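All values reported here derive from a predicted model rather than from experimental measurement. Residue numbering restarts at 1 for every chain, and letters A, B, ... go by the order of the sequence lines.
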Amino acid sequence: MKIAINMPSLSAKWIACAATLLVGAALTIPAFAQVRVTSSDKVIFPVGLKWERMRTVILDPSSATKESPMVPVRGEDINAAKRIWTDQVAAAKAKGEPADFDSQISTASYKGTPLAFSLIALPMDFQRCEQALNGKNVVDVYAKCLARVAIGNMQNPYVVEFSDFCYADSVFSTPEEMQFRAKTQNQFAFDEKQGVAYFRLLQHGKFVPACNRMIRLEGL
Amino acid sequence: MVAHTARQTLAIFWMVMVLIVPAQALAANATAEQVTAAVLASPTASAQQKGYSGAIGSLAMFESGGRLDVYNGSCCSGVLQMNGTNIASIRPKVTPAVFRTWPLQQQVNAWASLMSEAITYNAPKQLAAMNSFDGRSITGSMVLACVQLGAGNCNKMITSGRCTGFADINGTTICKMADKIDGTTTATGGGGTGAGTGIPPPSPVTTPLAPATAMGSCITNGYGGCLSITAAMEQGFAEGSGHSMSDLRNVIQLLTVGIVLLISAWLASALWREYTTGQIETVELIEGTRNVLLIVGAIFVVLTVV
């Protein structure tokens, strides 16, 4: 007896099964989990990088005062930073404190995937951050704290964290502070060919080699 | 008439200068005792900080000489020389310029709020728990110096087991800074640490330390290093006033130049007005202009020489 196999029917079942597995996998495995993101402080900046000042983000603009107006901040940057630092915002709220951390952000795109790189200053976190030194003999204004990379749609990005990134910024727009901002700033550049983000710090008009960093993305 | 106006103006100029100098001298100052009292009264200071209140008073004298409005020219402001980045963490937000106008209690509250956290973490906590380090007793000043110079740097020192494990750009170690705060010198190098061993710490050799002690033909900087008389005067002035002599000289010169230019412009405009309304002749205009230029020139020559 010859058994006739209904091929189209079997194929459809296999395809349906595979599709279900794929959807299941897509739901359980985080998107971009295959992406390898690494950071290093051993950096040689390639020539031709287009440097930009990282944009200031105030996660809680309500902390502004009339006497000290804040620098302009983009709404989309606030939304992205809130997503990136959502755990910090939640932790502050849990303690009943305002989530008014200072943060900076730069955005880029690599192989069609949106990327956001953000730095934060957490002045009361002595575990993960190295605070700026106090004292008459101190010259440096920067703290060392966290950096995060958000990969993909900013509504639900895949986030990777790094520590030991220099942070110096001023959120005020008084004449004195604008002078400070002009000479002291976190700068960012992205090499679209290599998928590498570069960071450097300008302090008092001079670059601080100890603050040079890079973040490399592989597998996108 | 112009000469008369010029005389009046010069008199006003010197009066302004006479008023400016004492105003600088009378700038807001606090004593070590007042800083200590402010720490004890601070609602943000921890019990540990209150225990160190005396040392914090001495720290304030070391950092600023008690000046509330002092800026070190690069990062740090106020009586305890808080970094601008740390000032940015104060809520509601405040600029460093406004921070420098704050009264003592407010500055101490802000510093205590930040440092009460810092003092409980890793390196300062570890140091505070030790009986001795590198042959010297652990004092409040040493823990404060550890916090002030940075927990990371303090950790470097602890890991090395020696006071010399970390020094700032001026060669100041945490141990040396503690000595400066206390106004003493303490022998180090007794060997290793005594972290909670219960062994009595070696007795430190403590001697009074003058800011600049004449030792033969050499004026020392308090650490045994020789200083020239000029350098010693510079250092003493900076310790006392929170400003370098050259900075102060530049400020005074700039102020003088500004005032002289303003007065000259005012005199020149008065002359021109009188000339255009026919009150003086061309000859008088030229003579008046020459007088103004002579005054300006003389003042600039004096400034250049001084």
Contacting moiety of B/A118, where chain A heavy atoms sit under 4.5 Å | both

Should A/E176 and B/R100 count as an ion pair when the cut-off is N to O under 4.0 Å?
-> yes

More than 12 foreign heavy atoms under 6.0 Å from CD of A/Q179: is that the case here?
-> no

Carefully, step by step, assess A/N137 and B/M177 under the rule side chain to side chain contact (heavy atoms under 4.5 Å, CB included).
-> CA-CA 11 Å; A/N137 295 329; B/M177 185 169 165; over 6 Å; no

Derivation of the side chain to side chain contact (heavy atoms under 4.5 Å, CB included) call for B/L80 and A/N134 | CA-CA 8 Å; B/L80 285 153; A/N134 300 312; over 6 Å; no

Within-4.5 Å side-chain heavy-atom neighbours: A/M124 and B/L114 | yes

Winner by heavy-atom pair count (cut-off under 4.5 Å) against chain A, out of B/A97, B/G84, B/G150, B/G152 | B/A97

Indicate yes or no for a side-chain donor-acceptor contact from A/K136 to the backbone of B/F62 under 3.5 Å, with no hydrogens or angles considered.
-> yes

Quick one: what part of B/C75 sits under 4.5 Å from any heavy atom of chain A, side chain, backbone, both or neither?
-> both

For the student: nearest non-hydrogen atoms of B/S74 and A/V138, plus distance | OG-O, 2.9 Å

Report the distance from atom NZ of B/K125 to atom CZ of A/F126, rounding to the nearest 0.5 Å.
-> 14.0 Å

Under the salt bridge (Lys or Arg N to Asp or Glu O under 4.0 Å) rule, what do A/E177 and B/K93 come out as? Steps first, then yes or no, please.
-> CA-CA 13 Å; A/E177 293 298 298; B/K93 285 179 183 290; over 6 Å; no

Return the option, out of A/L133, A/D125, A/D102, A/D169, with the maximum number of heavy-atom pairs under 4.5 Å with chain B.
-> A/L133

Applying a strict 4.5 Å limit to non-hydrogen atoms, the region of A/D140 in contact with chain B is backbone

Side chain, backbone, both or neither: which part of A/Q127 has a heavy atom under 4.5 Å from chain B?
-> both

What pair of heavy atoms forms the shortest contact from B/T85 to A/Y167, and how long is it?
-> CG2-O, 4.4 Å

Quick one: of A/A168, A/P123, A/A121, who has the most non-hydrogen atom pairs under 4.5 Å with chain B?
-> A/P123

Of all heavy-atom pairs between A/G135 and B/E63, which one has the smallest distance, and what is that distance?
-> CA-OE1, 3.3 Å

Chain B contact via A/Y142 - side chain, backbone, both or neither, heavy atoms under 4.5 Å | backbone

Name the option with the most non-hydrogen atom pairs under 4.5 Å to chain A; the candidates are B/P96, B/G73, B/C76, B/S89.
-> B/C76

Taking only heavy atoms into account, what residues of residues 103-119 of chain A are found under 4.5 Å from chain B?
-> none

